[in-house]
Amino acid sequence: MSALATKRLMKELAEIKTKGTPEGIQLLSANDMQEWIFLISVLGEETIYRGETFAIRMKFGNRYPIEVPEVTFLANLQYQPPVHPHVYSNGHICASILGNEWSPVLNAVAICITMQSMLASNKKKERPEGNDRYVRSAPSNPKLTRWHYDDDRCNVNRADERLRSI
């Protein structure tokens, strides 16, 4: 890990330890400077995710914060990704903040707040169009997917999907 990434992550971790995280967000593990796991709950009585908690994993590379970390919802025996139009069943997330709208001024907690807000604004539990097809051919790192961002839907660039299947 680069000195820049390590310094930045140590600063973020120190801030989390002194100031805490926003309500509904909890740092579950940050045993090293390469992978952190947060728990996210959606607040409010009106949410369709009431009573549910999701785990989000962030993998930080050498170029963090210049480059966005790899961010996924965990999909294992203990945690399942939320059923949401921008979240695939393998935990990959189609959100512009994790792609072309990433900025080095953002941080791990800002990503969690964005995911919490994305879930809070959802009114219908459904998977993205083409979920099964994407999950069958998806790279392990969602950053290698070219996403097509739309407020209502999220799609994989179809040309990229065809190339992966060749």
Seminar exercise, completed: The reported gap from CE in M58 to CD1 in I111 (rounded to nearest 0.5 angstrom) is 4.5 Å
Exercise. In terms of hydrophobic clustering (I, L, V, M, F, W, Y; side-chain heavy atoms under 4.5 Å; direct or indirect links), are L4 and M10 co-clustered?
Worked result: no
Problem set entry | Residues, nucleotides or ligands: over 12 heavy atoms within 6.0 Å of M1 CE | yes
Problem set entry | Smallest separation among heavy atoms of P65 and W102, with atom names | O-NE1, 2.9 Å
For this session: Indicate yes or no: at least one non-hydrogen side-chain atom of C112 is less than 4.5 angstrom from one of T21.
Result: no
Exercise. Which pair of non-hydrogen atoms, one from E70 and one from S140, has the smallest distance, and what is that distance?
Worked result: OE2-O, 3.9 Å
Problem set entry | Considering all heavy atoms, the nearest I93-M118 contact | CG2-CE, 4.2 Å
For this session: For the residue pair E52 and P82, establish whether any side-chain heavy-atom pair is separated by less than 4.5 Å.
Result: no
Problem set entry | Short side-chain to backbone donor-acceptor contact, D32 and E35, under 3.5 Å | yes
Exercise. With sequence neighbours left out, what residues match Y64 under ring-ring contact (aromatic ring centres under 6.0 Å, His included)?
Worked result: F60
Problem set entry | Pair T47-L119, side chain to side chain contact (heavy atoms under 4.5 Å, CB included): steps then yes or no | CA-CA 8 Å; T47 178; L119 294 173; over 6 Å; no
Exercise. Charged N to carboxylate O under 4.0 angstrom, R8 versus E12?
Worked result: yes
Problem set entry | Members sharing L74's hydrophobic cluster (side chains within less than 4.5 Å) | L28, I37, L39, Y79
Exercise. Atom CD1 in I97, atom OG1 in T114: separation rounded to 0.5 Å?
Worked result: 3.5 Å
Exercise. Quick one: ring-ring contact (aromatic ring centres under 6.0 Å, His included) partners of Y49, sequence neighbours excluded?
Worked result: F54
Problem set entry | Heavy-atom side-chain proximity of T145 to Y88 below 4.5 angstrom | no
For this session: Determine, using the 4.5 Å side-chain heavy-atom cutoff (strictly less than), whether L43 and I48 are members of one ILVMFWY cluster.
Result: no
Seminar exercise, completed: Taken to the nearest 0.5 Å, the spacing of Q116 CD from S41 OG works out to 8.0 Å
Seminar exercise, completed: Note: A5 and G61 closest approach over all heavy atoms is CB-O, 3.8 Å
For this session: Assess whether atom NZ of K125 is packed by more than 12 heavy atoms of other residues, nucleotides or ligands within 6.0 Å.
Result: yes
Exercise. Looking at P139 and H92, what are the two nearest heavy atoms and their distance?
Worked result: O-CE1, 3.0 Å
For this session: Locate the shortest heavy-atom distance separating L13 from A30; write the atom from each residue and the value.
Result: CD1-CB, 3.9 Å
Exercise. Say you draw a straight line from CG of L9 to CD of Q34; how long is it, rounded to the nearest 0.5 Å?
Worked result: 9.5 Å
Exercise. Ignoring hydrogens and geometry, is there a side-chain-to-backbone donor-acceptor pair from N122 to P85 under 3.5 Å?
Worked result: no
Exercise. So if you build clusters from Ile, Leu, Val, Met, Phe, Trp, Tyr with side-chain heavy-atom gaps below 4.5 Å, do V83 and V42 land together?
Worked result: no
For this session: Give the C-alpha distance, both sets of side-chain angles, the deciding distance and a yes or no for side chain to side chain contact (heavy atoms under 4.5 Å, CB included) between V71 and K59.
Result: CA-CA 7 Å; V71 181; K59 291 184 178 181; over 6 Å; no
Exercise. Measuring from H86:NE2 to S96:OG, what's the distance to the nearest 0.5 Å?
Worked result: 9.0 Å
Problem set entry | From R57 atom CZ to S29 atom OG, the distance as rounded to the nearest 0.5 Å | 10.0 Å
Problem set entry | Non-hydrogen side-chain atoms of M115 and F38 separated by less than 4.5 Å | no
